[in-house]
Amino acid sequence: YIDEETGETVAAEDQTKGYEVSKQDFMQVEPHELKALKPVSDKLLEITGFVDEASIDSRYLAKPYYLLPGDRMAEESFALFRAALARKKAAARSSIVLYQRGREVVIQPVGKGLLMTELRPANSVVKAESVFEGLGKQKIDAEMTDLALHIIDKKRGTFDPSSFVDNYENAVRALVEAKRKGIKLPNAA
């Protein structure tokens with residue numbers, strides 16, 4: 001870390017944590033105070049309720065995790081729970097500790113297993129109304145709408161994540177492989 005005023009490196013023993021309570025007004029927070037806030041994980045997944053899968057707003061879905069039964073004895077109850085959720089088209093709500101923080105999650109049936117998805121807190125998702133409030137009402141031409149619908153129908157496909165490509169990651173892999181072989185890439189400086 002660099003001191004903004006002096007431009008000098010701040011030694012680890014001189015660093016502190018703080019919270020900006022107002023412009024240029026910071027409150028120091030001690031490590032033991034932060035440690036006391038961390039929830040204790042009991043490795044228990046307690047269901048707090050159920051919601052219709054269709055009611056889940058995808059803007060709140062953050063990170064997915066597959067769930068498996070803990071052992072052979074748990075497989076029957078796991079399968080029963082998954083089947084009941086699938087039949088009711090429901091998702092279970094729960095709170096768990098991940099990465100030393102309490103997280104809200106939904107649990108949904110997927111294939112022969114369960115998918116637990118971490119949820120974003122409501123205050124971290126920008127309300128669509130606040131983003132689009134400046135848009136005026138537009139008159140939409142019926143012929144143009146028909147043309148747009150035709151194009152959508154012609155280009156419609158299936159959602160296939162296997163076709164998604166991370167060109168940057170592929171370029172980095174190619175760079176590393178070329179460097180490993182001692183080959184200079186044509187567009188490398």
Side-chain angles (χ1 to χ4, degrees), residues 1 10 12-135 157-169 172:
Y1 290 97
V10 179
E13 62 272 5
D14 294 330
Q15 296 174 15
T16 61
K17 294 191 184 278
Y19 184 81
E20 189 171 14
V21 290
S22 62
K23 190 154 179 77
Q24 295 300 313
D25 183 20
F26 293 87
M27 178 181 297
Q28 188 169 337
V29 180
E30 299 296 332
H32 71 274
E33 294 172 315
L34 291 173
K35 188 175 182 180
L37 298 176
K38 291 184 180 178
V40 178
S41 174
D42 58 7
K43 310 255 189 217
L44 184 66
L45 195 62
E46 184 177 333
I47 304 301
T48 57
F50 298 92
V51 297
D52 290 333
E53 277 190 294
S55 73
I56 299 172
D57 185 334
S58 63
R59 293 175 293 180
Y60 293 90
L61 300 175
K63 291 183 185 175
Y65 302 88
Y66 291 117
L67 294 181
L68 293 169
D71 55 33
R72 277 283 204 226
M73 289 180 43
E75 284 185 18
E76 185 178 352
S77 56
F78 180 89
L80 173 67
F81 182 60
R82 192 214 61 76
L85 287 175
R87 188 166 173 187
K88 284 293 191 178
K89 295 181 176 30
R93 290 278 320 272
S94 184
S95 296
I96 64 164
V97 176
L98 284 175
Y99 310 112
Q100 301 181 9
R101 291 185 64 177
R103 312 287 179 157
E104 295 291 320
V105 297
V106 290
I107 301 165
Q108 300 167 274
V110 61
K112 294 184 346 184
L114 293 170
L115 180 70
M116 177 182 75
T117 306
E118 185 180 329
L119 298 171
R120 291 184 179 93
N123 65 356
S124 73
V125 177
V126 176
K127 301 288 183 238
E129 299 80 31
S130 67
V131 175
F132 302 129
E133 68 185 346
L135 294 177
T158 58
F159 181 77
D160 180 13
S162 69
S163 66
F164 303 166
V165 177
D166 185 339
N167 292 321
Y168 180 75
E169 183 175 332
V172 169

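Computed from a predicted model, the values in this text were never measured in an experiment.
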Measure the [atom1]-[atom2] distance between [X] and [Y] for me, rounded to the nearest 0.5 Å.
X: Ser94; Y: Arg103; atom1: OG; atom2: CZ; value: 14.0 Å
X: Ser95; Y: Glu46; atom1: OG; atom2: CD; value: 8.5 Å
X: Gln108; Y: Leu67; atom1: CD; atom2: CG; value: 11.0 Å
X: Glu133; Y: Lys127; atom1: CD; atom2: NZ; value: 14.0 Å
X: Tyr65; Y: Leu98; atom1: OH; atom2: CG; value: 5.0 Å

TODO: Return yes when atom CD of Gln15 has more than 12 non-hydrogen atoms of other residues, nucleotides or ligands closer than 6.0 Å, and no otherwise.
DONE: yes
Task: CD/Glu76: more than 12 non-hydrogen atoms of other groups inside 6.0 Å - done: no
Set of residues satisfying side chain to side chain donor-acceptor pair (under 3.5 Å) with respect to [X], sequence neighbours excluded:
X: Glu169; value: Arg173
X: Asp14; value: none
X: Thr16; value: none

Side chain to side chain, [X] and [Y], heavy atoms closer than 4.5 Å:
X: Thr117; Y: Ile56; value: no
X: Phe50; Y: Leu85; value: yes
X: Ile107; Y: Leu45; value: yes
X: Tyr60; Y: Val106; value: no

Ignoring hydrogens, what is the shortest heavy-atom contact between [X] and [Y]? Give both atom names and the distance.
X: Ala128; Y: Arg59; answer: CB-NH1, 3.7 Å
X: Glu53; Y: Pro109; answer: OE2-CD, 3.9 Å
X: Ser124; Y: Pro121; answer: OG-O, 2.8 Å
X: Ala74; Y: Gly70; answer: CB-N, 4.1 Å
X: Arg93; Y: Glu104; answer: NH2-OE1, 2.8 Å

Task: N/O donor-acceptor pair under 3.5 Å between Asp52 side chain and Ala54 backbone - done: no
TODO: Check salt bridge (charged side-chain N to carboxylate O under 4.0 Å, His left out) between Glu75 and all other residues, then give those that pass, not counting sequence neighbours.
DONE: Arg72
Task: Listed partners of Arg120 passing salt bridge (charged side-chain N to carboxylate O under 4.0 Å, His left out), at least two apart - done: none
Open item on the list: Does Leu115 form a side-chain contact (heavy atoms from CB on, under 4.5 Å) with Tyr66? I'd like the steps, not just the answer.
Closed with: CA-CA 5 Å; Leu115 180 70; Tyr66 291 117; 4.0 Å; yes
TODO: List for me each residue that meets ring pair (Phe, Tyr, Trp, His ring centres under 6.0 Å) alongside Phe132, sequence neighbours excluded, and say none if there are none.
DONE: none
